[in-house]
Amino acid sequence: MAPPRNVVKIAVQMSDAIPQLIQLDQAKPLATVLKEVCDAWSLTHPEHYALQFADGHRKYITENDLKAQQLLGRLQNTRREGCCEVLRNLVLLASDMTFAQEVISRDGLQKLSTIIENGDDLGEMLALGLRAFLELMEHGVVSWETLSISFVRKVISYVNMNLMDASVQPLALRLLESVTLSSPALGQLVKSEVPLDRLLVHLQVMNHQLQTKAMALLTALLQGASPTERKEMLDHLWKKNLRQFIYKNIIHSATPMGDEMAHHLYVLQALTLGLLEPRMRTPLDPYCQEQRDQLQALRQAAFEPEGESLGTGLSADRRRSLCVREFRKLGFSNSNPAQDLERVPPGLLALDNMLYFSRHAPSAYSRFVLENSSREDKHECPFARSSIQLTVLLCELLRVGEPCSETAQDFSPMFFSQDHSFHELFCVAIQLLNKTWKEMRATQEDFDKVMQVVREQLARTLALKPTSLELFRTKVNALTYGEVLRLRQTERLHQEGTLAPPILELREKLKPELMGLIRQQRLLRLCEGMLFRKISSRRRQDKLWFCCLSPNHKVLQYGDVEEGANPPTLESLPEQLPVADIRALLMGKDCPHVREKGSGKQNKDLYELAFSISYDHGEEEAYLNFIAPSKRDFYLWTDGLSALLGSTMGSELTRLDLEQLLTMETKLRLLELENVPIPEQPPPVPPPPTNFNFCYDYSITEP
């Protein structure tokens with residue numbers, strides 16, 4: 001009889017004892033199971049024993065842990081070598097929550113703190129003590145705020161020491177990071193006693209783990225600082241060339257960057273961009289003389305030569321009118337430009353961007369403004385309005401002012417390649433906007449559409465994580481409006497599943513059938529017939545003739561008709577051309593009735609609509625020449641004649657008709673599979689059964 005489901009067989013082993021194979025009843029209390037195991041080995045006091053997994057994680061499966069008591073007792077009563085061995089075991093077992101709680105309840109943290117504070121051994125023993133302390137604290141049983149100031153200062157001293165074991169300082173930095181993030185009071189202590197220059201020294205050591213932990217403490221200190229302190233700290237770090245060091249020795253390091261370092265670089269980028277938030281949230285003050293002077297400087301940078309020449313000797317009213325007109329040319333919506341910048345965001349940040357562009361790229365700025373000033377009003381790309389909206393867009397894409405994510409790693413390497421990276425990015429983006437405006441042939445009504453395209457261009461390029469501003473400029477300028485449309489179409493097809501391998505295979509299988517439908521439609525159109533105009537020697541289209549295909553598709557019948565007459569019947573057409581006599585179909589310049597003439601506009605129009613049939617006329621080659629009434633009729637007749645001759649129908653109309661039919665037929669076939677994911681590969685064919693006894697033999701008649 002099979003054993004109950006709650007009974008399993010397990011092996012239990014103990015040093016200096018024969019292993020047991022027991023049947024563990026999972027319904028029994030754990031204390032009862034321990035007593036039975038101890039009884040088998042004739043052990044007393046089963047409450048002093050615990051079960052521990054023998055595999056990799058080595059976790060205990062008991063509530064009361066004698067192992068913790070034994071380790072802590074040995075930690076106090078053994079020498080250095082023994083302590084190191086005990087600490088190794090403690091580090092190995094500390095990830096177990098039950099064990100950690102037991103150690104903490106027996107004052108384990110205090111014992112470890114004593115080892116760390118004494119600092120008798122600055123090598124392996126101190127490193128193991130720090131690691132065990134961190135492992136126990138990570139469970140969150142004890143708050144970081146309970147740590148003593150003397151303990152924190154001792155750990156800080158390990159960070160500030162010049163000669164220290166390479167394994168100690170990363171652990172000390174990790175501990176101080178946790179203290180800074182969890183306790184504002186102790187964080188201030190760390191901030192005051194760990195100089196930024198000391199962290200920069202750690203960052204310059206070619207030790208990946210030390211660099212990561214130093215960067216972690218640096219970002220923790222920045223996060224805990226006030227906005228004013230943060231700005232001062234970042235200014236100091238940039239003056240010490242931290243950005244250049246990160247770009248050269250961390251981002252472009254031969255060692256692959258870890259996820260933790262990527263997260264800290266993301267935090268550093270977010271905090272640095274966060275310094276722009278006050279400007280982004282501050283509207284322009286029309287009564288502030290400094291801000292008014294900045295607006296005038298923006299106008300003068302574009303129109304100063306013109307203003308000087310026109311403003312000489314003018315009255316104050318005339319000068320004021322001239323300034324208003326020039327601000328309008330700059331793209332401000334209101335006669336008073338301060339009203340445009342009252343919107344927050346972007347507030348004063350938009351003005352900062354415009355001034356930076358005018359001062360650091362004066363030729364591009366002048367070209368932008370003057371080029372658009374010379375266009376028609378409806379085709380003018382307004383610089384100021386574009387700059388304001390573009391600043392908002394960049395703030396959204398770069399998440400300026402948003403709180404840092406605890407897990408994100410999405411930093412931009414380009415940010416660390418350039419001073420004033422936000423303003424430099426704006427300079428590239430505003431020129432991209434002008435370029436896209438021209439590509440779209442936009443008007444003022446299309447402003448929002450242009451901004452949507454520019455958003456997509458910037459977002460797609462930023463997602464590629466270019467490593468420098470020049471690389472970003474190259475990639476974003478290559479992403480033209482036409483390329484954006486192509487990518488949108490491709491993504492839409494992917495979203496609909498149209499480009500999935502099974503769908504492509506289905507489309508290929510449907511093509512012959514649908515091409516047959518198109519061929520049938522083209523031949524029916526030939527059977528209906530059509531009126532064509534003849535071209536005289538003077539290129540005058542003054543006569544009409546009618547041509548059609550016989551119902552059996554063997555003869556082309558044609559003849560002249562009068563202007564305004566009804567289409568003739570098949571029997572009334574005097575001329576016949578057997579399909580079997582046709583040699584080839586000629587189109588465009590190859591046709592004899594348009595070949596001799598020059599390249600005038602009328603002849604070019606004829607080239608696009610002309611086609612001829614060459615056929616055997618006795619021993620000579622003759623031609624039946626056509627001029628189609630329209631491009632569509634040209635495609636229909638050339639496709640029909642190609643199908644009649646067994647050639648490929650290669651017109652643009654055939655391609656469009658085939659694509660439309662394929663799309664419709666595919667959607668109809670997949671109608672029942674809506675919202676069902678289609679696999680990339682077909683499921684594997686199962687192996688054949690070992691026998692076919694389940695098959696019914698219909699040849700056997702039942703009695």
- Sequence neighbours excluded, which residues qualify as salt bridge (Lys or Arg N to Asp or Glu O under 4.0 Å) partners of K511? E508

- Salt-bridge criterion met for R455 and E396 (N-O under 4.0 Å): yes

- Message: Can you confirm if the NZ or CZ of R385 lies within 45° of the ring axis of F332 and under 6.0 Å from the centre of its six-membered ring?
- Response: no

- Item | Distance (rounded to the nearest 0.5 Å) between M215 CE and L200 CG | 9.0 Å

- State whether the number of non-hydrogen atoms from other residues, nucleotides or ligands found under 6.0 Å of K240 atom NZ is greater than 12. no

- To the nearest 0.5 Å, how far apart are NE2 in H263 and CG in L268? 11.5 Å

- In terms of heavy-atom contacts, does CD of E652 have more than 12 from other residues, nucleotides or ligands at under 6.0 Å? yes

- Ion pair present between K435 and E439, side-chain N to carboxylate O less than 4.0 angstrom? yes

- Could you give the distance from CG (L514) to OG1 (T654), rounded to the nearest 0.5 Å? 12.5 Å

- Task: Check step by step if side chain to side chain donor-acceptor pair (under 3.5 Å) holds for S412 and Q269.
- Result: CA-CA 8 Å; S412 175; Q269 172 183 305; 4.9 Å; no

- Should Q660 and R655 be marked as a side chain to side chain donor-acceptor pair (under 3.5 Å) after you check the CA-CA gap, both sets of side-chain angles, and the distance that decides it? CA-CA 9 Å; Q660 185 176 11; R655 187 188 67 79; over 6 Å; no

- Query: Can we say E380 and K329 salt-bridge, meaning some charged N sits less than 4.0 Å from an Asp/Glu carboxylate O?
  - Reply: no

- Query: Between W637 and F626, what is the ring plane arrangement, given parallel below 30°, perpendicular above 60°, and tilted in between?
  - Reply: tilted

- Reported CD-to-CG distance for the pair Q244 and D419, which is rounded to 0.5 angstrom: 6.0 Å

- Task: Inspect the contact between D235 and K239 and indicate whether a charged nitrogen and a carboxylate oxygen are less than 4.0 angstrom apart.
- Result: no

- Message: Heavy-atom count check: over 12 atoms from other residues, nucleotides or ligands less than 6.0 Å from K248 NZ?
- Response: no

- Message: Would the distance check show the side chain of S405 and the main-chain N or O of T407 forming a donor-acceptor pair, the cut-off being under 3.5 Å?
- Response: yes

- Is any NZ, NE, NH1 or NH2 atom of the basic residue among R367 and E371 found under 4.0 Å from an Asp or Glu carboxylate oxygen of the other? no

- Message: Looking at R460 and E483, is there a salt bridge between them, counting it only when a charged N and a carboxylate O are closer than 4.0 Å?
- Response: no

- Item | Inter-residue atom distance F472.CZ - L464.CG, 0.5 Å rounding | 9.5 Å

- With rounding to the nearest 0.5 Å, note down the distance linking CG in L271 to CG in L218. 9.5 Å

- Query: Are the charged groups of E456 and R488 less than 4.0 angstrom apart, N to O?
  - Reply: yes

- Task: Before giving the answer on side chain to side chain donor-acceptor pair (under 3.5 Å), spell out for T443 and D446 the whole-Å C-alpha distance, their side-chain angles and the decisive distance to 0.1 Å.
- Result: CA-CA 5 Å; T443 61; D446 300 323; 3.2 Å; yes

- Message: Checking Q289 against D293: is there a side-chain donor and acceptor pair closer than 3.5 Å?
- Response: yes

- Message: Are there over 12 heavy-atom neighbours, none belonging to M664, within less than 6.0 Å of that residue's CE?
- Response: no

- Query: Any idea how H420 and Y356 line up, ring-wise: parallel (<30°), tilted (30 to 60°), or perpendicular (>60°)?
  - Reply: tilted

- With side chain to side chain donor-acceptor pair (under 3.5 Å) as the test, would you mind laying out the steps for S642 and D639 before giving the verdict? CA-CA 5 Å; S642 297; D639 283 343; 5.4 Å; no

